[in-house]
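What follows is one structure encoded as structure tokens, with my remarks underneath.
In the text below, chain A, chain B and the rest are named by the order of the sequence lines, each starting its count at 1.
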Protein chains: 2
Amino acid sequence: MEPDDEGSVLTQLRRGTLEYCVLAYLAQGPSYGQDIARALGSDPVLFGSEGTLYPLLTRLRRRRWVETTWQPSPAGPPRRYHALTDEGRAALRAFAQTWEPFRAGVDRLMKGAQ
Amino acid sequence: MEPDDEGSVLTQLRRGTLEYCVLAYLAQGPSYGQDIARALGSDPVLFGSEGTLYPLLTRLRRRRWVETTWQPSPAGPPRRYHALTDEGRAALRAFAQTWEPFRAGVDRLMKGAQ
DNA sequence: ACAAGGTACCGAGTGTCGCAAGGTACTTCA
DNA sequence: TGAAGTACCTTGCGACACTCGGTACCTTGT
């Protein structure tokens with residue numbers, strides 16, 4: 001893929017934030033893969049493809065930031081619901097405190113560049 | 001390294017933005033490696049170590065976003081000055097237009113998570 | 001009954017890029 | 001002459017978003 005393709009700029013931007021975006025979405029209530037993909041995908045800026053999501057969710061599970069339960073679907077195969085743990089909430093708060101000054105720093109530099 | 005270490009969160013955040021931060025700094029005037037490192041390093045949020053910078057500058061040069069000239073230093077080895085090209089300025093503008101909605105999207109999700 | 005299509009989950013392989021550590025070279029000054 | 005400061009550069013590594021491909025479940029139409 002071309003390195004100066006705009007898509008790849010977004011790809012790089014999403015690194016490190018995507019998993020916290022998922023956490024933030026889960027903070028509003030438990031959800032399952034396809035729903036998360038649709039929700040974050042509705043803002044095409046935040047989320048690329050579904051193939052990204054499942055490895056990410058596995059990572060969150062391994063870190064015990066989410067706990068999962070299988071639940072039957074009204075129509076279709078069962079869904080794996082992901083619920084934030086206390087550790088997950090703490091990680092999300094920690095991220096928010098890192099994100100804030102970072103975003104401020106980038107904004108300041110960008111503003112100075114015009 | 002611990003995955004929930006705060007340093008590594010920043011490392012991931014910097015991906016994709018760091019090179020545009022350098023471009024933004026260069027938009028204020030040509031500069032050389034050590035000076036860029038000091039300038040961005042003064043905000044410890046944006047910049048980690050010097051080892052990151054030179055590969056990054058090489059990348060910018062290869063994409064013709066900067067042009068370099070060697071100039072003698074008042075004291076010490078010669079410095080390689082990096083100046084933004086028109087292409088570099090265009091890339092910076094394009095990034096600013098990608099960054100804006102991205103940052104807005106993350107902010108919105110983070111705000112909704114409390 | 002059984003094929004087709006929608007829903008849902010998952011994994012292997014790839015490439016990019018920030019980082020740590022280590023290395024080279026030039027200049028000045030004691 | 002050797003130590004200290006400045007400046008540039010490379011190697012090896014790890015994290016993670018992405019692409020592509022695959023499996024399984026359930027409903028519906030014929």
- Of B:Glu87, B:Arg59, B:His82, the one forming a side-chain contact (heavy atoms from CB on, under 4.5 Å) with B:Val66 is B:His82
- Are OP1 or OP2 of D:dA17 and a side-chain N or O of A:Thr11 less than 4.0 angstrom apart? no
- Query: Which part of the nucleic acid, if any, lies within contact of A:Gly33, taking any heavy atom under 4.0 Å across all strands shown: a base, the sugar-phosphate backbone alone, or nothing?
  - Reply: sugar-phosphate
- What about A:Arg79: does its side chain form a donor-acceptor pair under 3.5 Å with the base of C:dT7? no
- Item | Value in whole Å for how far the C1' atom of D:dT6 lies from CD of B:Gln71 | 16 Å
- DNA chain D contacts among residues 38-50 of chain B, heavy-atom distance under 4.0 Å: B:Arg38, B:Glu50
- Query: To the nearest angstrom, how far is B:Tyr32 atom OH from D:dT6 atom C1'?
  - Reply: 8 Å
- Take the protein atom CD of B:Gln12 and the nucleotide atom P of D:dC18, then report the distance between them rounded to whole Å. 13 Å
- Minimum-distance pair of heavy atoms, taken over all atoms of B:Leu109 and A:Cys21: CD1-CB, 3.6 Å
- Task: Go through A:Thr68 and A:Arg80 one step at a time and tell me if the side chain to side chain donor-acceptor pair (under 3.5 Å) criterion holds.
- Result: CA-CA 6 Å; A:Thr68 67; A:Arg80 185 173 215 172; 3.2 Å; yes
- Query: Does the side chain of A:Thr17 come within less than 4.5 Å of B:Phe102's, by heavy atoms?
  - Reply: yes
- Message: Strictly below 4.0 Å: does A:Arg59 bring a side-chain N or O up to OP1 or OP2 of D:dA17?
- Response: yes
- Between D:dA7 (C1') and B:His82 (NE2): distance, integer Å: 12 Å
- Whole angstrom value for the distance that separates P of C:dC19 from CG of B:Leu56: 10 Å
- A:Leu53 vs A:Phe47 side-chain heavy atoms within contact, under 4.5 Å: yes
- Query: Is there side-chain contact between A:Ser49 and A:Thr52, with at least one heavy-atom pair below 4.5 Å?
  - Reply: yes
Could you list, one pair per line, each protein nitrogen or oxygen that sits under 3.5 Å from a nitrogen or oxygen of nucleotides 25-30 of chain D, together with the distance?
none

- A:Arg103/A:Asp107 ion pair, N-O < 4.0 Å: yes
- Message: Can you measure A:Ile36 atom CD1 to D:dA17 atom P for me and round it to whole angstrom units?
- Response: 14 Å
- Message: Can you tell me which nucleotide in C:dG18, D:dA7, D:dC18 comes closest to the side chain of B:Gln34?
- Response: D:dA7
- Query: Can you check the B:Leu13 CG to C:dC17 C1' distance for me, whole Å?
  - Reply: 14 Å
- Query: Tell me, do B:Leu23 and B:Phe95 make a side-chain contact under 4.5 Å, heavy atoms counted?
  - Reply: no
- Please tell me if the side chains of A:Met110 and B:Leu92 come closer than 4.5 Å, counting only heavy atoms from C-beta onward. yes
- Could you say whether A:Arg15 or A:Leu57 is positioned toward the 5' end of DNA chain C, judged by the nucleotide with the nearest heavy atom to each? A:Leu57
- Item | Carboxylate-amine/guanidinium contact B:Asp43 A:Arg108, below 4.0 Å | yes
- Taking only the side-chain nitrogens and oxygens of B:Tyr54, find out if one of them lies under 4.0 Å from OP1 or OP2 of D:dT10. no
- Query: Nearest-Å distance, CG (B:Leu10) to P (C:dC19)?
  - Reply: 8 Å
